[in-house]
Amino acid sequence: MLFDTHAHYDDARFDEDRDALLSSMPAHNVGLILNPGCDVETSRKAISYAQKYPFVYAAVGIHPENINENWNNDLVVIKKMVEFEPRVRAIGEIGLDYYWEKDERARARQQVVFARQMELARELGKPVIVHDRDAHADCLETARRYKGVPGVFHCFAGSVEMARELLALGYHLSFTGVITFKNARRAIEVIREAPLDRLMVETDSPYMAPEPYRGRRNSSLYVHRMVETIAEIKGVAVEEVERITTENGKRLFDIC
Ligand SMILES: [Zn+2]
């Protein structure tokens with residue numbers, strides 16, 4: 001049974017067939033899905049899917065690209081969601097995105113909102129789902145500062161050195177369709193070195209469709225491609241990678 005640990009079914013690209021698609025997942029061996037939120041509205045939607053489907057769980061949080069003027073109030077709402085919705089299993093996705101944000105003041109605000117949500121995770125005893133795009137040094141620094149907060153770096157794109165330090169801090173690393181692309185050299189190095197019991201798979205749907213589906217709308221139906229690719233890189237049976245990555249996700253997100 002596969003666990004897609006990161007998929008955005010709140011995206012408008014699923015408006016046409018969301019229910020049919022989600023309902024079909026168990027028959028395709030996708031037994032668990034975690035839908036992270038990126039702001040209050042998408043977090044609310046993530047919770048609604050988790051309430052509707054027994055195999056869907058939610059994470060709630062403010063993504064670095066979705067910080068608005070009311071972020072302080074939004075955090076109050078996010079905190080309530082974590083406290084009162086049992087199907088919320090993590091705070092995410094949160095983090096830093098310097099690829100889209102070049103302005104120093106806006107970056108500084110991202111750091112504050114990220115730190116506040118790390119504090120929330122510590123206070124509420126939840127793991128975090130970290131988005132790190134072109135902000136490796138600052139994300140690592142925040143992870144160090146909140147040592148002891150469990151979590152995952154999703155769509156991990158850092159170096160082997162960074163991976164080593166995150167693993168030492170207790171983090172999991174999760175991989176998308178990027179690892180199936182021809183130029184994925186760095187991620188492949190990380191996967192080769194990281195212990196299997198710290199790896200997770202995700203689609204990041206509707207983005208990042210793996211080969212040979214690249215360019216299409218992604219969905220959890222393709223998560224097997226990441227399992228197959230990790231199995232190939234590590235020289236381990238596909239069934240073994242499927243079993244262990246699912247167990248890792250269940251352990252991190254406290255799913256029985
Ligand atoms: Zn995402």
Side-chain angles (χ1 to χ4, degrees), residues 2-15 18 21-22 25 30 32-50 56-68 74 78 81-82 88-101 110 113-114 117-118 121 126-136 139 142-143 151-158 166 171-181 184 187 199-210 213-214 216-223 225-226 245 248-249 252-253:
L2 296 152
F3 186 173
D4 182 358
T5 61
H6 195 115
H8 299 278
Y9 283 100
D10 47 86
D11 193 279
R13 270 173 279 181
F14 293 112
D15 283 354
R18 181 178 297 108
L21 186 61
L22 280 172
M25 289 301 164
V30 179
L32 286 166
I33 296 170
L34 190 133
N35 193 128
C38 293
D39 54 21
V40 166
E41 190 195 337
T42 52
S43 294
R44 217 168 252 146
K45 285 181 178 170
I47 291 170
S48 75
Y49 310 143
V56 177
Y57 288 85
V60 297
I62 303 173
H63 187 288
E65 289 175 67
N66 296 60
I67 301 168
N68 61 41
D74 287 350
I78 294 288
M81 288 175 175
V82 182
V88 172
R89 295 306 165 92
I91 297 183
E93 57 184 288
I94 62 176
L96 303 172
D97 194 313
Y98 294 171
Y99 178 84
W100 292 111
E101 189 55 76
Q110 286 190 4
V113 177
F114 182 22
Q117 294 181 96
M118 292 295 284
K126 293 287 180 209
V128 291
I129 299 168
V130 179
H131 170 102
D132 164 17
R133 189 147 187 215
D134 290 357
H136 301 324
C139 280
T142 303
V152 54
F153 269 61
H154 111 88
C155 195
F156 184 70
L166 287 174
Y171 276 87
H172 290 68
L173 306 175
S174 163
F175 293 91
T176 61
V178 169
I179 63 172
T180 68
F181 302 164
L199 300 183
M200 302 199 306
V201 290
E202 59 168 296
T203 56
D204 204 11
S205 297
Y207 319 103
M208 302 276 189
Y213 312 107
R214 200 171 175 178
R216 291 198 212 174
R217 181 188 73 173
N218 200 4
S219 87
S220 305
L221 295 176
Y222 301 151
V223 73
R225 288 293 300 124
M226 279 56 94
T245 53
N248 297 343
L252 181 63
F253 300 121

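In listed order, ligands and their atoms are each counted from 1.
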| remark: The atom of E93 among N, O or S that is nearest the Zn ion (ligand 1) is OE2
| request: Measure across S219 and S205 and return the closest heavy-atom pair with its distance rounded to 0.1 Å. | output: CA-OG, 3.0 Å
| remark: The atom name of the N, O or S atom in D204 nearest to the Zn ion (ligand 1) is OD1
| Shortest non-hydrogen contact between M226 and V201, atoms and distance | CB-CG1, 3.7 Å
| Aromatic rings Y213 and Y222: how do their planes relate, parallel, tilted or perpendicular, breaks at 30° and 60°? | parallel
| task | May I ask you to check whether H8 brings an N, O or S atom to under 2.8 Å from the Zn ion (ligand 1)? | result | yes
| query | Within 45° of the ring axis of Y99 and under 6.0 Å from its six-membered ring centre, is that where the NZ or CZ of R133 lies? | reply | yes
| Quick check: does H6 have an N/O/S atom under 2.8 Å of the Zn ion (ligand 1)? | yes
